Amino acid sequence: VRFLPGDYLILYTDGITEAQNEYGDFFGNHRLIDAILGQIGKSPREMQAAILAEVNQFMGSTPRQDDIAMVIIRRID
């Protein structure tokens, strides 16, 4: 895999895609991809904060069932 300048490497636990809202819907891969694409160009820290905020907003007051972790690396040179 070529990791070119401007590319991101995003590692996350299944707790993100399996986060559920009050109706039992999962956050899922499509919402995660949309959240990531909406943050392209931002720093890894800004991107991570925005994505996790979207997950938390999606969950609302639903109790978390699993751990949520995310690491984002961006090649800048």
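Just so you know, these numbers come straight off a predicted model, no measurement behind them.
From I68, atom CD1 reaches atom CD1 of I16 across 6.0 Å, with rounding to the nearest 0.5 Å. The structure places OG of S61 at 10.0 Å from CG of N21, a figure rounded to the nearest 0.5 Å.
When all heavy atoms of L32 and Y12 are compared, the closest pair comes out as CD2-CZ, 3.5 Å.
R74 has its side chain within reach of I76: a pair of non-hydrogen atoms, C-beta onward, lies under 4.5 Å apart.
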Would you list the atom pairs, donor with acceptor, under 3.5 Å between side chains in residues 44-55 and any protein atom, with sequence neighbours excluded?
from: E46; atom 1: OE1; to: S43; atom 2: N; distance (Å): 3.0
from: E46; atom 1: OE1; to: S43; atom 2: OG; distance (Å): 3.3
from: Q48; atom 1: NE2; to: M70; atom 2: O; distance (Å): 2.5

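The hydrophobic cluster containing I10 also contains I33, counting ILVMFWY residues as joined when their side-chain heavy atoms lie under 4.5 angstrom apart, directly or transitively.
In this structure, the side chain to side chain donor-acceptor pair (under 3.5 Å) partners of Q39, at least two apart in sequence or on a different chain, are K42. Annotation: side chain to side chain donor-acceptor pair (under 3.5 Å) contacts of T13 (sequence neighbours excluded): none. Qualifying salt bridge (charged side-chain N to carboxylate O under 4.0 Å, His left out) partners for R64, counting only residues two or more places apart in sequence or in other chains: none. Annotation: ring-ring contact (aromatic ring centres under 6.0 Å, His included) contacts of F27 (sequence neighbours excluded): F58.
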**Q.** Working for side-chain contact (heavy atoms from CB on, under 4.5 Å), residues R75 and D77
**A.** CA-CA 6 Å; R75 180 172 172 190; D77 56 31; 3.1 Å; yes
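For residues 7-35, there are no salt bridge (charged side-chain N to carboxylate O under 4.0 Å, His left out) pairs, not counting sequence neighbours.
A donor-acceptor pair is defined here as one N or O able to donate and one able to accept, closer than 3.5 Å; no such pair exists between the side chain of Y8 and the backbone of I40.
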